> 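Okay, here's the structure, questions in a sec.
Computed from heavy atoms alone, side chains included, the values below leave out hydrogens, waters and symmetry copies. Computed from a prediction, not measured in an experiment: that's the story for all the values here.
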Amino acid sequence: MKAYVLLLAALMPLAACQADQKNMNDRMERIEKKLDALIATGGGARGAQPGAQQPRPQRPEPDRSKTYAVSVEGDPIEGPMDAKVTLIEAFDYA
């Protein structure tokens, strides 16, 4: 009798795992069908051709004939304060 109880206790988790595995397989199949449909329609973008990307708008360029003043007060500086030329290095992480 004790052996039957141990055998039953060992088989119960296996039966539960099989039900979970079936649910997981069903969900995976539904996801794969949705993905196939998205790929077939060009990634889901309305009106876009497959693989086509929207062009990025050009950033406005500064007028290169002008000289722009940039305040460096309070910023880390390397070199003498009365230098004839100041190089400013800026970054835009947009």
Side-chain angles (χ1 to χ4, degrees):
M1 176 77 174
K2 191 175 186 180
Y4 290 120
V5 172
L6 290 176
L7 181 64
L8 184 61
L11 292 177
M12 288 293 283
L14 291 176
C17 289
Q18 288 176 351
D20 288 345
Q21 186 68 28
K22 182 181 181 324
N23 291 338
M24 183 70 72
N25 288 340
D26 291 343
R27 290 182 68 196
M28 289 292 289
E29 286 178 18
R30 287 195 311 263
I31 290 171
E32 286 175 354
K33 287 178 184 177
K34 287 181 182 180
L35 182 59
D36 289 339
L38 280 174
I39 291 171
T41 61
R46 293 182 179 140
Q49 296 294 328
Q53 293 182 356
Q54 298 293 330
R56 280 182 98 175
Q58 291 291 327
R59 289 187 179 186
E61 286 288 323
D63 187 357
R64 298 189 185 273
S65 64
K66 292 184 180 179
T67 301
Y68 295 92
V70 178
S71 174
V72 292
E73 187 174 327
D75 292 336
I77 297 174
E78 196 174 304
M81 291 296 290
D82 59 346
K84 292 184 180 186
V85 175
T86 303
L87 298 178
I88 299 175
E89 188 173 5
F91 297 94
D92 183 12
Y93 295 107

> Give every residue pair that meets the salt bridge (Lys or Arg N to Asp or Glu O under 4.0 Å) criterion with at least one member in residues 28-42, sequence neighbours excluded.
none
> Could you give all pairs that pass the salt bridge (Lys or Arg N to Asp or Glu O under 4.0 Å) test and reach residues 72-90, with sequence neighbours left out?
none
> Just jot down the side-chain contact (heavy atoms from CB on, under 4.5 Å) partners of Ile88, sequence neighbours excluded, or say none.
Val70, Val72, Thr86
